[in-house]
Amino acid sequence: MDEYLLARERVDRLRIIWPKLGEEDRLLLEGKYLLEYSSAELGERLGCQSASVRMKLTRARRRALKWMTEGEVEP
């Protein structure tokens with residue numbers, strides 16, 4: 001039950017910060033984790049190489065996690 005509640009809280013915080021993320025960050029995170037696109041597919045959509053996608057994705061995850069953990073956002 002505790003794991004469920006923690007996961008639910010993370011989802012709620014992600015919903016709150018989602019609009020704050022830039023369009024590219026949202027595209028990357030949605031494409032990778034919801035639509036399960038490969039780095040090559042994301043690269044095609046963004047007009048860059050798959051190696052660049054991996055770095056962009058790392059940065060997008062870091063920004064989202066930072067906003068989710070800094071306490072700026074109230075669930």
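All residue numbers in this chain count up from 1 along the given sequence.
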Which atom names give the shortest non-hydrogen contact between A64 and L29, and what distance separates them? CB-CD1, 4.3 Å
Hey, could you give me the OG1/CZ distance between T69 and R10, rounded to the nearest 0.5 Å? 11.5 Å
Can you give me the closest heavy-atom contact between V53 and S39, atom names plus distance? CG2-O, 3.6 Å
R59: side chain to side chain contact (heavy atoms under 4.5 Å, CB included) partners, not counting sequence neighbours: M55, R63
Side-chain contact test, heavy atoms from C-beta onward, threshold under 4.5 Å: evaluate it for L57 versus R54 and give yes or no. no
Output side-chain donor-acceptor pairs under 3.5 Å for residues 41-52, partner residues at least two apart or in another chain, one line each.
unit_1: E41; atom_1: OE1; unit_2: S38; atom_2: N; d: 2.7
unit_1: E41; atom_1: OE1; unit_2: S38; atom_2: OG; d: 3.4
unit_1: R45; atom_1: NH2; unit_2: Y37; atom_2: OH; d: 3.0

For P19 and R26, work out which heavy atoms get closest and say how close. O-NH1, 3.8 Å
Hydrophobic cluster membership, L28 vs L65, 4.5 Å side-chain cutoff: no
Kindly write out the residues that satisfy side chain to side chain contact (heavy atoms under 4.5 Å, CB included) with L14, not counting sequence neighbours, or none if the list is empty. I17, W18, M68
Could you see if L6 belongs to whatever hydrophobic cluster contains Y4? Use Ile, Leu, Val, Met, Phe, Trp, Tyr and a side-chain cutoff under 4.5 Å. no
State, yes or no, whether a side-chain contact exists between V11 and R15 at a heavy-atom distance under 4.5 Å. yes
